[in-house]
Amino acid sequence: MRDYKQIGLKVGLEIHRQLDFNKLFCNCPSILRENDPDLKIKRKLRAVVSETGKKDIVAEFEEGKGREAIYEYYSDCNCLVELDEEPCHEMNKEALKAALEASMIVNAKISDEIQVMRKQVLNYSNTSGFQRTALISRNGNVEVKGKKIGIQTICLEEDAAREIRKDEKTVTYRLDRLGIPLIEIATAPDMNDPEQVKDVAEYIGMILKSVGAKSGLGTVRQDLNVNIKGHPRVEIKGVQNLRDIPKIIENEVKRQLEVKNGNSEVRMVKEDLTTEFLRPMPGASRMYVETDVPNIKVSLENIKKPELIIEKSLKIEELGISSELAKELIKNKIEVSKYVDKFSNIEPGFIAHVLIEIPKELKSRFNVESKFSENDFIEVLDYLNKGKIIKKAVLEILLEKAKGNKIDYSKYGQVSDKEVEEFIRSVFKKELSDNAIIGIVMGKYRGKVDGKKVIDIINKLR
Amino acid sequence: MVKIGDKIRVITKDENLEGIFMPSDDKKVVLKLNSGYNIVVDKNKIKKTEVIESYKEEKIVKEKDFTFNKNLKTISILHTGGTIASKVDYRTGAVSARFDPDELIQMFPELKNICNIKSKLIFQMFSEDIEPKHWSILAKEIEKEIKNKVDGIIITHGTDTMSYTSSALSFMLQGLNIPVILVGAQRSSDRGSSDAGLNLICAAQFITKSDFVGVGVCMHESMEDKTCLIHKSVKVRKLHTSRRDAFKSINSKPIARVDINGKIEFLSEYIKKVKKGNRKLEVKTGFENKVGILKTRPGMTNKELEFYKNYKGLIIEGTGLGHMPVDVVDQYTKEHKLILNSLKKLAKKIPIVMCSQCVFGRVNMNVYSSGRDILNAGVISGEDMLSETAFVKLGWLLGNYKDKNIVKMLMKENLVGEISERNSEEFLE
């Protein structure tokens, strides 16, 4: 085990996560496409020359590759804005709200007025030649496993187009992803242990999910800023899986210690979790004002600090619901406490089971698609709460409901143990197997008796 | 005194901020932070501002290898505004338009191998602010350049009223024997995706590699950075607010298709360059501003026509084949009689020309009785002219010919390609 303190390891994180709203500067839905595009458009970009006659170092590096871009356009998730054929619209209010909420969670200082910037990007991943990005807040912090980690900035920006193909002459980008709102949280270089970096990344990921971020592969990207004493800072892009973070840092530290005169540069993670050179480190010089959107005066009215998923989950678990079910309830935005308060005779764990697991079971076992309303659940749970039906009947009732059938609840009423025992006695024959007897009993009392009880009675008679 | 570009420290109640002082207004201070982001601070919250480092302007690097090449033709670029060429001050984020030939070449290095460049700033304005007087000034500037023996002229122009200017120049510069091409951009040149470069380079290629003379408009053919079209100056309209291919030829094929390498494909008949002395330039820059354009509509009243009684000419943008509400058919259409009466009265005083709101197609007032009533009132058919072109033509005729009958007669004649004798099948393809 390497002594990271001794080599002076400092790691900062930049987490980019897509938000589950329409695009940031137009009203297109944020969906990805795998079918053939409706249109392909060829374009070229050129670096904008600076006042002093210089071109930005990164811009020039990318322009120098001299390729032509082919953009794949989808009419259901793209419009003229992504094609750079129309000025951008106003910033998506929901996305801004999410960024403000995230800022509140980490106690960051929110700007009074937000100015949208253009960050020049000439690798063709943005049709305009720049990425729109806005600084929302600064100087916050999070506490992870007892250690305080500084949050330098929270930005709201648009995602880039997806690279599909690349050869000597052209690079093909798909425009579906272009413009999806991203929250970017950048930490201070306060971490000095690779495992800690993973924990912090996980925690920040949870914060972002709490304000409406998307989940799943491709919705989140982590960049790592890795610095060891006496070596220039290196930025590592393309970290997809949190689990890989410690290994990537370890590999990078090893590389930096081996290289004599390293450069401050941007590197890309490879499949084997080592890194390769991507491009020079960009300077502040490639940012200028997006003049197509007016500055946004921030109003915090109607915005309050949202509850973290982790807090919500703990509250649900306290009711006696498993953490797995708690996660699913939060994901599906179901307020289980409402049901628990209302149906005090039912165990909360079973309520969660009905709300989450039964619809899944109907699909997997009976191949029935269910679209239950809140009232459907309330109706069934109310019968159960009043003892008018038995627990076992809930699945069958919901199956009938999902099929669109009318429910006769009297069919599912409880039968007394005495009645069941009398019936079993009346049909009992020694030569009949247990299964045969159970079959007969269930034929009469399906949904009204527990199988276990029937077996108990049969055993008594044998 | 804090200057734009200075590195400063701003101290507020709860924080110290360091950054570059950016253009700000009197209520706030805009700072560019180290990260490149701008931050806006309310002036009321600032306790103290200190200059950390005064901004020293960096020397502007000029393109060194720009020399006159006698094997290449010379193009004069006259700038009127719009942002064909801009530079960004990355320190302050300010964008400024650039006009020096060497700076143009620095931005569009391809130009160096196409032509020699002269460059002159005539105006710097949004095209919506351009007045007929500016057309006259521009025409005279072009005349000067022709006397200086340039091979062609590029005029950079905002796109909004570009086709008004191109039409005006066609009328004002009679007997033109060099190409004059107007170029604009739908995406400003402070972004990497600007269409300015291709439009400018294609215009230069067309000028140097073709025998076309006259006024044309060079803009993107499609949403791709592939080819540009050269449109006839009097047959083109901006048909889209924002797309690169906003300019379309109306009731005419474009003159030619050009690509960045100078491949030219002619698409229609055009006027060719003749030997020196065989065609004489005649510059007529008179223009009568008091010409109106009236768009007819359901619910219009005769008052709207009477507004023009002190004008010198009027273009009516009628409906369909050249109609306006002049029939009385029931109790709700009584006003229409007043409209017809006002029209008759007005047409006795000033030339009135009918064009169509349809944009595409030719006016024909003989088909329906209402059209015949309008013709009989003394309204002139604008044939297949765009209403903007008809407006420019009428203003120019009134500004240069005193006799109203000559004005009316010339209005019906094709002078510079504004009226087509035959209309082809092309329509929004």
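Just so we're on the same page: letters track the sequence lines, and every chain starts at 1.
- When heavy atoms are compared at a cutoff of 4.5 Å, A/Lys109 approaches chain B solely by way of its side chain, counted from C-beta outward.
- Proximity to chain A is limited to the side chain of B/Val30, based on heavy atoms less than 4.5 angstrom apart.
- Between A/Leu175 atom CG and A/Ile164 atom CD1 the span is 10.0 Å, to the nearest 0.5 Å.
- No side-chain heavy atom of B/Met162 sits less than 4.5 Å from a side-chain heavy atom of B/Lys238.
- Among the candidates B/Ser222, B/Ala246, B/Gly197, B/Gly192, the residue making the largest number of heavy-atom pairs closer than 4.5 Å to chain A is B/Gly192.
- A salt bridge does not link A/Lys42 with B/Glu224: none of the charged nitrogens is closer than 4.0 Å to a carboxylate oxygen.
- The parts of A/Leu83 that come within reach of chain B are both its backbone and its side chain, each placing non-hydrogen atoms under 4.5 angstrom from that chain.
- Proximity to chain B (any heavy atom under 4.5 Å) is shown, for A/Leu135, by both the backbone and the side chain.
- No other option in A/Asp112, A/Asp84, A/Ile41, A/Leu39 has as many heavy-atom pairs under 4.5 Å with chain B as A/Asp84.
- No side-chain donor-acceptor contact under 3.5 Å links A/Glu72 to the backbone of A/Pro37.
- No part of B/Asp195 comes within reach of chain A, as not one of its non-hydrogen atoms sits under 4.5 angstrom from that chain.
- Between chain B and the options A/Lys119, A/Met117, A/Arg118, A/Lys44, the largest number of non-hydrogen pairs under 4.5 Å is found for A/Met117.
- With a threshold of 4.5 angstrom between heavy atoms, A/Thr291 does not approach chain B through any atom at all.
- Salt bridge annotation for A/Lys297-B/Asp42: absent, with no cationic side-chain nitrogen under 4.0 angstrom from a carboxylate oxygen.
- With a 4.5 Å cut-off on non-hydrogen atoms, A/Asn139 touches chain B through its side chain but not through its backbone.
- With hydrogens and angles ignored, the 3.5 Å screen pairs a side-chain donor or acceptor of A/Tyr71 with a backbone N or O of A/Tyr124.
- With a 4.5 Å cut-off on non-hydrogen atoms, A/Ala134 touches chain B through its backbone but not through its side chain.
- Interface residue A/Thr127: only backbone heavy atoms are found under 4.5 Å from chain B.
- Under the 3.5 Å distance criterion, the side-chain polar atoms of A/Asp176 are matched with a main-chain donor or acceptor of A/Arg33.
- Contacts with chain B were tallied for A/Arg138, A/Gln152, A/Glu68; A/Arg138 has the most, counting heavy-atom pairs under 4.5 Å.
- When each of B/Lys45, B/Arg243, B/Arg191 is checked for heavy-atom pairs under 4.5 Å with chain A, B/Arg191 comes out on top.
- With respect to A/Glu157 and A/Arg221, no salt bridge is recorded, no charged nitrogen being found less than 4.0 Å from a carboxylate O.
- Side-chain polar atoms of A/Asn126 and A/Ser128 form no donor-acceptor pair below 3.5 angstrom.
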